[in-house]
Structure formats: C-alpha cells, structure tokens
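Comments concern the structure below.
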There are 2 protein chains.
Amino acid sequence: MVNTPPTGLAQPSSLRTTLNDRGQRLTPQRQRVLDLFERIGEGSHLSAEEVHLRLVRSQERVSLATVYRTLRLLSSMGLLQELELPEGGRRFELAGDAHRDHHHLLCVRCGRTEEFESGSVLAAGEAAAGAFGFRLLECVLNVRALCPNCAAEEQG
Amino acid sequence: MVNTPPTGLAQPSSLRTTLNDRGQRLTPQRQRVLDLFERIGEGSHLSAEEVHLRLVRSQERVSLATVYRTLRLLSSMGLLQELELPEGGRRFELAGDAHRDHHHLLCVRCGRTEEFESGSVLAAGEAAAGAFGFRLLECVLNVRALCPNCAAEEQG
DNA sequence: GTCGATGCAAAGGCTTTGCACAGCC
DNA sequence: GGCTGTGCAAAGCCTTTGCATCGAC
C-alpha cells in the first residue's frame, strides 16, 4: 500500500526498495546522481555531461558511462524526467508532481529560457489524454518565441 | 510591405524571393525538399533520413548532407518547423499557422503518438509569452502518457 | 559467493564540415 | 563568370556497449 504512488513518483528513501524490487542494487554512484538532483532542486535541468562534471568537481567519483546508465535507470524508475528542450541536447531533471505541469518559454534566437506553470495547460493535457484513453504522466508546453531583445533586432 | 508575415510564414512562391533577399539561391534540391513537405501535408513529421529516403525513392537526387543543410535552412527561414518529439530523433514538419497550436500525446512505453489542437493551450502560451515580453512563434504541448494498452500492461 | 554495476576504451548513430566541382543569377 | 550550393567522404559530437574487475546483497 505504500509502494508506488500513482504518478510514478518515489521517495528518496524508497530508492533502495524500488531497486531491490527490480533485482537491482543501490550503489554509491546511483545515490550520488540522485543526490545531486535533489541538491539542485526541481527546477534545474542538467545534461549527462553536466551531471558528470558536477560530481567530479565535488570529488564524487563516477564515470561518464555510469552517469548515462544511471540517468536512464532513474528515468525509467520515474525519479527523473527527461526533458526535450528545443535546440539543446537531452536533459534531465528531478521528477515531481509539480513537473506534471512545467513549461518552457524559449527564445529561438539567443536561447534564453524562462519557466512557468499553467493550470489550464495541464487541464488541456488531461482532456486530450482522456479523449484518447491515455493516462497522463507529464505535460510539457514548449513555447518557442523571440525574447524582447531578439525581437527588436529581428525587426532591424 | 509584403515581405515577411509576422509569424515567419512564407508562401511557397516566395521561396525564391526570400532566398534572393538573403543572397541565396533556389536550387532543385531545395525545391524538392520543400515540395516533399507540401506533398505530405502539415501533419507529418519526418527525420532527415526519411526525407532523404523519400526523395531518393521518387528519383529525386539529393545527398543526405544537402538534406541536412536544407532542413536547417528552411527552418531558419520559418518554412519548416523543428519538432522535439520525446525519445526520438530530430524531426521536421511544414510550418503553418495551424502549427502554432499543435500538440502531441505520446505513449512513453510503445511510442504511439496522437495529435490534437487546443485553443486553451495556445492562449496559455500567449499569456506566458506576454508576461515575459516574448513574441510567440509556436506553441507545442507534449503530453507524455501511457496509451490504454500500455497502461493495462503496466498494471500487470 | 553470486550476480549486478562500474570503468575504461572502443564502437555506434546521427549530424556537420572540408574540398573540388557543378550550376544558379 | 562569379560565387553559392552540392556531393562525397572524413571528422565530430553524444551516447551506448563489451569486457574485465569490483562490490552490494
């Protein structure tokens, strides 16, 4: 009854349990990667390379290959969420209920990114999912736009 | 005054003009790539490789490198739109006003993809863009979900 | 002690780039 | 005819994988 919440979210403390259930192990490396994401908070998105760099910087030994493997594992467990930020590489962030409704406003010219939330978007996503009989996991709105500076220069 | 429409959309017939304005040329290859997208319609998203394959199949000689170059060019001109479908490679589709409000419902397990539109999402995107002073170009909602089949199997 | 995880380095996709030739304006 | 675009093949990312060793359970 206390196992897996409906959204796929899991408590940090349940990491070991969840791994054990799958016949997998809690290694320092996996813990370090997850800790890093919890340390930086829900809003931040990191690439595999950035995760690796940060861990190495703080003397936490992990190989890049393991970072890739771990990111994939934690995502498949629902602890991390893979993002699709336009014009960027693959990025990951901590999953959480908040992120079911987590949106990006991106300047396609300079790359400036702003984040926002919107209940109405989530509602629309739920409506669409319902219409097709899907079960909604996450709802990400990418708004591609021009920031004020770049819009001004485009006018040129 | 008849130059660039506010959305960055351009008529096929203006392809030559737009290219000329930039000191670039209308080549058969560029025309073929754009034609292909117009032939298949607004809803379809193709990868570079798929574009290449389809052109080669219909005897239209273009190299893969040129396809990549052309996709980038046409995107920068606003004629094509780059998509970020989760767990997939880069894909392109014909840009159009319709696509300012063009959303995807994706099963994260089997990859099944459905499309839908939603005025309320576009409204939310516009509100967010406005709040930060951005000029909205496009609004893409990616709903990550489980399709009925996969949801049933996950319950397992 | 067993079996999964790690690290390293090599292999693998996909995408971009250098260069000589072709062809649009 | 000049200068941009193309094709080819090589180079470049980013990511995954094979294999021997390490270490969690």
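To find a chain, count down the sequence lines: A is the first, B the second, and so on, and within it residues start at 1. We use all heavy atoms of the structure for the numbers below, so side chains are in, but hydrogens, waters and symmetry mates are not. Owing to the predicted nature of the structure, the values given are computational and were not obtained by experimental measurement.
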Integer-rounded Å distance: [N] [atom2] and [X] [atom1]:
X	N	atom1	atom2	value
B:Tyr68	D:dA10	OH	C1'	16 Å
B:Gln24	C:dC24	CD	C1'	13 Å
B:Leu71	D:dT6	CG	P	12 Å
A:Leu73	C:dA5	CG	C1'	11 Å
B:His52	C:dC14	NE2	C1'	14 Å
A:Glu49	D:dT16	CD	C1'	15 Å
B:Arg30	D:dG7	CZ	P	11 Å
B:Leu74	D:dG5	CG	P	12 Å

Nearest heavy-atom pair of [X] and [Y]: which atoms, and what distance?
X	Y	result
B:Arg39	B:Ser58	NH1-OG, 4.5 Å
B:Glu114	A:Phe132	OE1-CE2, 3.5 Å
B:Phe37	B:Phe92	CE2-O, 3.2 Å

Checklist line | Nearest-nucleotide 5' precedence on DNA chain D, B:Pro28 against A:Ala48 | finding: B:Pro28
Next item on the list: Please list, chain by chain and in numerical order, all residues satisfying side chain to side chain contact (heavy atoms under 4.5 Å, CB included) with A:Thr70, sequence neighbours excluded.
Entry: A:Arg30, A:Val33, A:Thr66, A:Leu74
Between the protein and nucleotides 7-11 of chain C, which nitrogen or oxygen pairs come in under 3.5 angstrom?
{"residue": "C:dG7", "atom": "OP1", "partner": "A:Gln29", "partner atom": "NE2", "Å": "3.2"}
{"residue": "C:dG7", "atom": "OP2", "partner": "A:Ser63", "partner atom": "N", "Å": "2.8"}
{"residue": "C:dG7", "atom": "OP2", "partner": "A:Ser63", "partner atom": "OG", "Å": "2.9"}
{"residue": "C:dG7", "atom": "OP2", "partner": "A:Thr66", "partner atom": "OG1", "Å": "2.8"}
{"residue": "C:dG7", "atom": "N7", "partner": "A:Arg69", "partner atom": "NH2", "Å": "2.7"}

Next item on the list: Would you indicate, yes or no, if D:dC14 has its OP1 or OP2 atom less than 4.0 angstrom from a side-chain nitrogen or oxygen of A:Ser47?
Entry: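 Checking A:Ser47 against D:dC14: no side-chain N or O falls below 4.0 Å of OP1 or OP2.
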Item checked: Short side-chain N/O contact to C:dT17 OP1/OP2 from B:Arg72, under 4.0 Å -> yes
Check: Does one side chain, of A:His45 or A:Glu82, offer a donor that lies under 3.5 Å from an acceptor on the other?
Finding: no
Margin query: Distance alone, cut at 3.5 Å: any donor-acceptor contact between the side chains of A:Glu60 and A:His52?
Written below: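 No.
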Checklist line | Atom pair CG (A:Leu46) and CZ (A:Arg90), whose distance is rounded to the nearest 0.5 Å | finding: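 The distance works out to 14.5 Å.
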Checklist line | N/O donor-acceptor pair, side chain B:Arg90 with base C:dC14, under 3.5 angstrom | finding: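 A donor-acceptor contact between them is absent.
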